[in-house]
Student: 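Here's a structure for you.
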Amino acid sequence: MMVIRPIRAEDYAELYDIAVESGHGFTSLPVNDELLQRKISRSEASFAKQVEKPGDEGYLFVLEDPQTGAVLGTSAIEAAVGLEDAFYHYHLGKVVHTSRALGVYNPVDILTLCNDYTGVSELCTLFLRESSRKQNNGRLLSKFRFLFIAEFRQRFADRVIAEMRGVSDEDGHSPFWKWLQDSFFSVDFPTADYLTGIGQKVFIAELMPKYPIYVSLLSKDAQAVIGKVHEKTRPALALLQSEGFSNTGYVDIFDAGPTVEAKVEHIRTVRGSRRLQVQIGAVTGGQPYMVSNTKLEDFRATWLYLLPDENSDVVIIPQDCADLLQLNSGDWVRIARI
Ligand SMILES: CC(C)(COP(=O)(O)OP(=O)(O)OC[C@H]1O[C@@H](n2cnc3c(N)ncnc32)[C@H](O)[C@@H]1OP(=O)(O)O)[C@@H](O)C(=O)NCCC(=O)NCCSC(=O)CCC(=O)O
Ligand SMILES: NC(=[NH2+])NCCC[C@H](N)C(=O)O
């Protein structure tokens, strides 16, 4: 059994290793000591804070192997984006150029710079170390966040997005950025992505093309990757799609990776989750479920086989799981199918 828990200061060295492993285009984990330290302390403060509505909180979790204490992956939720500084996207829209007299009808795609997602919650920083990409680790690391959101609903907005990493190669070359770089910026993609990750985003407003861009005027290579995800990000996208997330035309301004969104009330795990009271005992058979306790700073989640009764508010949890999630008989848990 693996366990999800809030990140702690002692996890710094492992978070640093994960930042290195996550590679180019992984905006939220730049390889920068001070920034990674700050991410941990901001997360600790967010879990400790009294919150009535979403603000500048960032909740960063890790997946731990309780047998060894090793940190196997990370997963995070930003309560509300774009409240401190502007949060940009391109929106892929259409205009129709038509002339009845000439019998011409030309629908064309355009990209428009916008801040439409200001104030929404964001899922981010999903990373599982290669050797742990097995069993339900990846599913748990992505989906437990919906148990947390359902449990602490007032801490999040009504809409949730995730920016999926777009196409770039091993050396950090992005076909979409290449076009922007040649025409408007002079820095390379890893530099632009790094500056964004450490919060130095002013250059975007200063240098980004302000007027809508006709997609047909971009290089063919740039056009080909609009709305496409990085090969290694396909499983992350599949997991969110299975929860009902979809793309409505918004793409990343640097690598044109798709942003997906869902209303909290429509997210499959949020809708299907149940709050039940714990009875400790043996479980044989059953179905795979995610389970979390209902604590904030001591939040814990895992997955295991359970046999919840549709008509009862009580669920039987085995002792080892109760220990892992810090549960006693009579405590409340939230469960959902994984
Ligand atoms: C995302 C994870 C954690 C997922 O873990 P695993 O790879 O073990 O997942 P998995 O269980 O094997 O696969 C999850 C689901 O994706 C499907 N799947 C696997 N490979 C696929 C592919 N090439 N194309 C389409 N679907 C694919 C599987 O069938 C499965 O669905 P079924 O179970 O239905 O069969 C990992 O791949 C990872 O760390 N990737 C690299 C980092 C990364 O790019 N992270 C996302 C950045 S973007 C971000 O962070 C924002 C998004 C977010 O926070 O959620
Ligand atoms: N299009 C992008 N590169 N967006 C960033 C993707 C990575 C991921 N959302 C993160 O937390 O960093």
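First listed ligand is number 1; within each ligand, the first listed atom is number 1. Only a predicted model underlies this, so the values are computations on that prediction, with no experimental measurement involved. This chain uses plain numbering: 1 for the first residue, then up along the sequence. Both backbone and side-chain heavy atoms feed into the values below; hydrogens, waters and symmetry mates do not.
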Student: Which is it for N136 and ligand 1 at heavy atoms under 4.0 Å: side chain, backbone, both or neither?
Tutor: neither
Student: Would you check the N or O atoms of R139, main chain and side chain alike, for any that come under 3.5 Å of an N or O of ligand 1?
Tutor: yes
Student: Which is it for N137 and ligand 1 at heavy atoms under 4.0 Å: side chain, backbone, both or neither?
Tutor: neither
Student: Between ligand 1 and L141, is the shortest N or O to N or O distance under 3.5 Å?
Tutor: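 In this structure, L141 places no N or O atom under 3.5 Å from an N or O of ligand 1.
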Student: So, is G138 polar-close to ligand 1, with some N/O to N/O distance under 3.5 Å?
Tutor: no
Student: With atoms numbered from 1 as shown, which atoms in ligand 2 lie under 4.0 angstrom from a non-hydrogen atom of S28?
Tutor: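 Taking each heavy atom of S28 in turn, ligand 2 has 10 (C), 11 (O), 12 (O) under 4.0 Å.
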Student: Salt-bridged, R300 to E64, with N to O below 4.0 Å?
Tutor: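 Salt bridge flag = no for E64 with R300.
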Student: Who gets closest to atom 41 (C) of ligand 1 by heavy atom: E243, H230, R234, R133?
Tutor: R133
Student: Using distance alone, determine whether Q135 and ligand 1 share an N or O pair under 3.5 Å.
Tutor: no
Student: Can you check whether E231 has an N/O within less than 3.5 Å of an N/O in ligand 1?
Tutor: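 N/O-N/O distance under 3.5 Å: no.
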Student: Counting heavy atoms not belonging to E170, are there more than 12 under 6.0 Å from its CD?
Tutor: no
Student: Would you confirm whether any non-hydrogen atom of the protein falls under 4.0 Å from atom 28 (C) of ligand 1?
Tutor: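 Protein heavy atoms within 4.0 Å of atom 28 (C) of ligand 1 - there are none.
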Student: Where's the contact between P235 and ligand 1, heavy-atom distance under 4.0 Å: side chain, backbone, both or neither?
Tutor: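 The answer is both.
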Student: Indicate, as side chain, backbone, both or neither, the part of T27 found under 4.0 angstrom from ligand 2 when only non-hydrogen atoms are considered.
Tutor: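 For T27, the contact with ligand 2 is made by both the backbone and the side chain.
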Student: Are E265 and V270 packed together at the side-chain level, in the sense that at least one heavy-atom pair is separated by less than 4.5 angstrom?
Tutor: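 In short, these two side chains do not touch, never coming nearer than 4.5 Å.
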Student: Which bit of E163 gets closer than 4.0 Å to ligand 1, counting heavy atoms only: side chain, backbone, both or neither?
Tutor: backbone
Student: For ligand 1, which part of R145 has a heavy atom less than 4.0 Å away: the side chain, the backbone, both, or neither?
Tutor: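 Under 4.0 Å from ligand 1, R145 contributes side-chain atoms alone.
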Student: Report yes if some N/O of R165 lies less than 3.5 Å from some N/O of ligand 1; otherwise report no.
Tutor: yes
Student: Has K295 got a side-chain atom pairing as donor or acceptor with Q326's backbone, closer than 3.5 angstrom?
Tutor: yes
Student: For the 3.5 Å polar cut-off, considering only N or O atoms, please tell me whether E122 and ligand 2 meet it.
Tutor: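 It does not: no N or O of E122 is found under 3.5 Å from an N or O of ligand 2.
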Student: Is the distance from the ring center of F299 to that of F148 below 6.0 Å?
Tutor: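 Between F299 and F148, the centre distance is under 6.0 Å.
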